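Below is one structure; the comments refer to it alone.
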Amino acid sequence: MEKKTRHYEFEGAVFDIPMFYDERTGRYIEEYRNFNENPAWTADGFPIIHSVEDACPHGEWNHPSRCNDCGSCQFYTPIAAHTRIGVCRQEKRLWANKGYKPEEAET
């Protein structure tokens, strides 16, 4: 059986996200890689992250009483409405601030 994927191109980053069929829901669901272990960045150096990751120390929220995950941070921008991955636009998380060079970044 051929593996189903969803293709994304977003701000210079290119992804093919594998999908699996979920029997309970009767739908295909994206199977995200671990972006902490295998980081990816946009062309301008912002990290691509899961919306459900625990927020970093640089996070800021419009509603501080809510869950402090990446998806609720004001720096998070989803890649698409139906996905749980997005871009962190916090300047302190740029690859230049992490010791990476653009030519070393994997997308």
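Note that the structure is a prediction, hence the values are computed from the model and not measured. Values below: every heavy atom of this structure, side chains too, minus hydrogens, waters and symmetry copies.
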Distance in Å, [X] [atom1] paired with [Y] [atom2], rounded so as to fall on 0.5 Å steps:
X     : Y     : atom1 : atom2 : value
Glu53 : Arg84 : CD    : CZ    : 14.0 Å
Cys56 : Lys92 : SG    : NZ    : 9.0 Å
Cys88 : Ile48 : SG    : CD1   : 11.0 Å
Arg6  : Ile79 : CZ    : CD1   : 12.0 Å
Thr5  : Ile17 : OG1   : CD1   : 9.0 Å

Contact summary for [X] and [Y], nearest pair of heavy atoms:
X     : Y     : answer
Pro18 : Lys3  : CB-CE, 3.7 Å
Ala40 : Arg33 : CB-NH2, 3.0 Å
Ala43 : Gly12 : CB-CA, 3.8 Å
Gln90 : Phe46 : O-CE2, 3.9 Å

Problem - Cluster link Tyr32 to Ile49, ILVMFWY, side chain under 4.5 Å - result: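 In one cluster with Tyr32: Ile49, no.
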Problem - Single-linkage hydrophobic cluster Phe35~Phe75, side-chain heavy atoms < 4.5 angstrom - result: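 Phe35 does not cluster with Phe75.
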Handout entry: CG/Asp16: more than 12 non-hydrogen atoms of other groups inside 6.0 Å
Key =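 More than 12 heavy atoms, drawn from other residues, nucleotides or ligands, come within 6.0 Å of this atom.
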Exercise for the section: Look at the aromatic rings of Tyr8 and His82 and report parallel, tilted or perpendicular, splitting at 30° and 60°. Expected result: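 Aromatic pair Tyr8/His82 classed parallel.
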Exercise for the section: Not counting sequence neighbours, which residues clear side-chain contact (heavy atoms from CB on, under 4.5 Å) with Asn34? List them please. Expected result: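 Checked Asn34 against side-chain contact (heavy atoms from CB on, under 4.5 Å); matches are Asn36, Glu37.
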Problem - Phe20: partners by side-chain contact (heavy atoms from CB on, under 4.5 Å), with sequence neighbours left out - result: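 Scan of Phe20 (side-chain contact (heavy atoms from CB on, under 4.5 Å), adjacent residues dropped) gives Asp22, Ile29, Glu31.
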Practice task
Using a 4.5 Å cut-off on heavy atoms from C-beta on, say whether the side chain of Val87 contacts that of Tyr76.
Solution key: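 Result no, sub-4.5 Å side-chain heavy-atom pair not found.
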